[in-house]
Amino acid sequence: MSFIVAIDGPAAAGKGTISKVVARHFGFVHLDTGLLYRAVGLKMLDGTDAISAAKALGATDLDADGLRTPEVAQAASKVAVIPDVRTALVDFQRSFAQHSNGAVLDGRDIGTVICPDADIKLFITASPEVRASRRFAELTASGHDTTPDQVLADVKARDARDSQRDVAPLKPAADAVLIDTSDMSIEAAVEAAITAVQHKREQGR
Ligand code: CDP
Ligand code: CDP
């Protein structure tokens with residue numbers, strides 16, 4: 001029987017790390033839905049119309065080089081405000097969620113729009129300053145030339161665009177479990193998420 005874990009939150013809150021460990025722990029499949037928007041954003045930067053790119057998106061696009069750059073993150077949040085882009089990506093995400101082993105999807109609108117009936121919803125957050133310093137550490141470790149101020153400005157610009165858009169804005173679902181990781185180690189955050197999912201699994205028996 002399928003079991004759906006919806007994980008939402010702003011950039012560098014810890015969603016990806018938590019999703020991967022939760023998926024491994026429970027034997028679920030995992031989809032980082034940000035990659036879909038990043039892939040469309042990359043195509044837009046290359047000159048393709050965003051709506052056509054979203055409609056034609058294929059599995060290989062999600063493995064493309066350069067999806068993790070700050071430029072593509074900004075482009076992703078720009079194409080993500082276009083309603084037809086979002087609509088074109090819905091079916092793929094919903095069918096992924098139905099995987100019989102159970103599925104973890106992480107993004108911005110999983111608990112609110114993509115899987116409103118998810119078995120459990122987690123909203124992972126942290127202050128913009130903490131998130132920016134985590135993202136800065138990741139970027140410099142992977143050889144990007146940037147500054148803490150630039151990364152903070154990028155994070156805040158993306159937060160604003162993601163939470164203020166008309167369609168599927170970033171916000172916790174009414175029934176989401178909130179986890180603020182500002183003062184938490186990644187291990188503690190992962191532990192809190194696994195405990196919450198485990199609790200729901202046991203309730204369902
Ligand atoms: O997927 P999302 O953008 O929400 O975040 P992530 O890629 O999982 O985490 C961003 C970075 O923050 C990673 O390097 C994590 O190891 C780190 N992190 C942390 O140090 N402490 C936390 N409580 C959560 C994430
Ligand atoms: O890894 P990080 O949290 O920095 O970003 P991401 O999850 O890869 O998402 C990149 C951008 O895609 C976000 O800033 C959103 O604008 C958009 N996105 C979205 O609108 N809906 C989703 N379900 C996932 C991502």
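Atoms within each ligand, like the ligands themselves, are counted from 1 in listed order. Heavy atoms only: backbone and side chains are in, while hydrogens, waters and symmetry mates are out.
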For [atom], the protein heavy atom that lies nearest, with its residue and separation:
{"atom": "atom 24 (C) of ligand 2", "value": "T33 OG1, 3.4 Å"}
{"atom": "atom 25 (C) of ligand 1", "value": "I186 CD1, 3.4 Å"}
{"atom": "atom 18 (N) of ligand 2", "value": "Y37 CD1, 3.6 Å"}
{"atom": "atom 17 (C) of ligand 1", "value": "R134 CD, 3.7 Å"}
{"atom": "atom 23 (N) of ligand 1", "value": "M184 O, 3.1 Å"}
{"atom": "atom 15 (C) of ligand 1", "value": "T17 OG1, 3.9 Å"}
{"atom": "atom 21 (N) of ligand 2", "value": "R86 NH2, 3.1 Å"}

Q) Would you say R86's side chain and A80's backbone share a donor-acceptor pair under 3.5 angstrom? A) yes

Q. Can you check whether I7's main-chain N or O pairs, donor with acceptor, with D106's side chain at less than 3.5 Å?
A. no

Q. Going by the atom numbers of ligand 1, which of them fall below 4.0 Å from some non-hydrogen atom of S185?
A. 23 (N)

Option with minimal heavy-atom separation from [atom], where the choices are [options]:
{"atom": "atom 1 (O) of ligand 2", "options": "R131, R165, R38, E138", "value": "R38"}
{"atom": "atom 5 (O) of ligand 2", "options": "Q93, K78, R158", "value": "R158"}
{"atom": "atom 13 (C) of ligand 2", "options": "V155, V167, D162", "value": "D162"}
{"atom": "atom 4 (O) of ligand 2", "options": "R108, R135, Q74, R68", "value": "R135"}

**Q.** Passing candidate, side-chain hydrogen bond (donor to acceptor under 3.5 Å, both in side chains) with K43, options T48, D61, D49
**A.** D61

Q. Does A13 have a heavy atom less than 4.0 Å from any atom of ligand 1?
A. yes

Q. Are side-chain N/O atoms of S182 and D180 paired as donor and acceptor at under 3.5 Å?
A. yes

Q: For R134 and T181, test the side chains for any donor-to-acceptor distance below 3.5 angstrom and give the result as yes or no.
A: yes

Q) Of all the atoms in ligand 2, which lie at a distance below 4.0 Å from a heavy atom belonging to S77? A) 14 (O), 16 (O)

**Q.** Atom indices of ligand 2, in the order listed, that fall short of 4.0 Å to a heavy atom of G34
**A.** 6 (P), 7 (O), 8 (O), 9 (O), 24 (C), 25 (C)

Counting only nitrogen or oxygen atoms and a 3.5 angstrom limit, does [X] reach ligand 1?
{"X": "G16", "answer": "yes"}
{"X": "A12", "answer": "yes"}
{"X": "G14", "answer": "yes"}

**Q.** N or O pair under 3.5 Å between K15 and ligand 2
**A.** yes

(Q) Please evaluate residues R131 and D159 with respect to the criterion salt bridge (charged side-chain N to carboxylate O under 4.0 Å, His left out), reporting the C-alpha separation (whole Å), side-chain torsions for both, the decisive distance (0.1 Å), and the verdict. (A) CA-CA 11 Å; R131 291 186 286 114; D159 283 357; 2.6 Å; yes

(Q) Using a 6.0 Å cut-off, check whether atom CG of D145 has over 12 heavy atoms from anything other than its own residue. (A) no

Q: Could you go through the side chain to side chain contact (heavy atoms under 4.5 Å, CB included) check for F96 and T33 one step at a time?
A: CA-CA 10 Å; F96 189 94; T33 67; over 6 Å; no

Q: Start with the C-alpha distance between D32 and R68, add both sets of side-chain angles, then the distance that settles salt bridge (charged side-chain N to carboxylate O under 4.0 Å, His left out), and finish with yes or no.
A: CA-CA 12 Å; D32 170 359; R68 302 283 179 192; 3.5 Å; yes

Q) Parallel under 30°, tilted from 30 to 60°, perpendicular over 60°: which one fits the rings of F26 and F28? A) parallel

Q | Verify same cluster id: V5, I114 (apolar side-chain graph, 4.5 Å) | A | no

Q: State, to 0.1 Å, how close P128 and L152 come at their nearest heavy-atom pair, and which atoms those are.
A: O-CD1, 3.7 Å

Q) Between I120 and A196, what is the shortest heavy-atom contact and its length? A) CD1-O, 3.3 Å

Q.
At under 4.0 Å between heavy atoms, is it the side chain or the backbone of A80 that contacts ligand 2, or both, or neither?
A. side chain

**Q.** Side chain, backbone, both or neither: the part of A137 lying under 4.0 Å from ligand 1 by heavy atom
**A.** neither

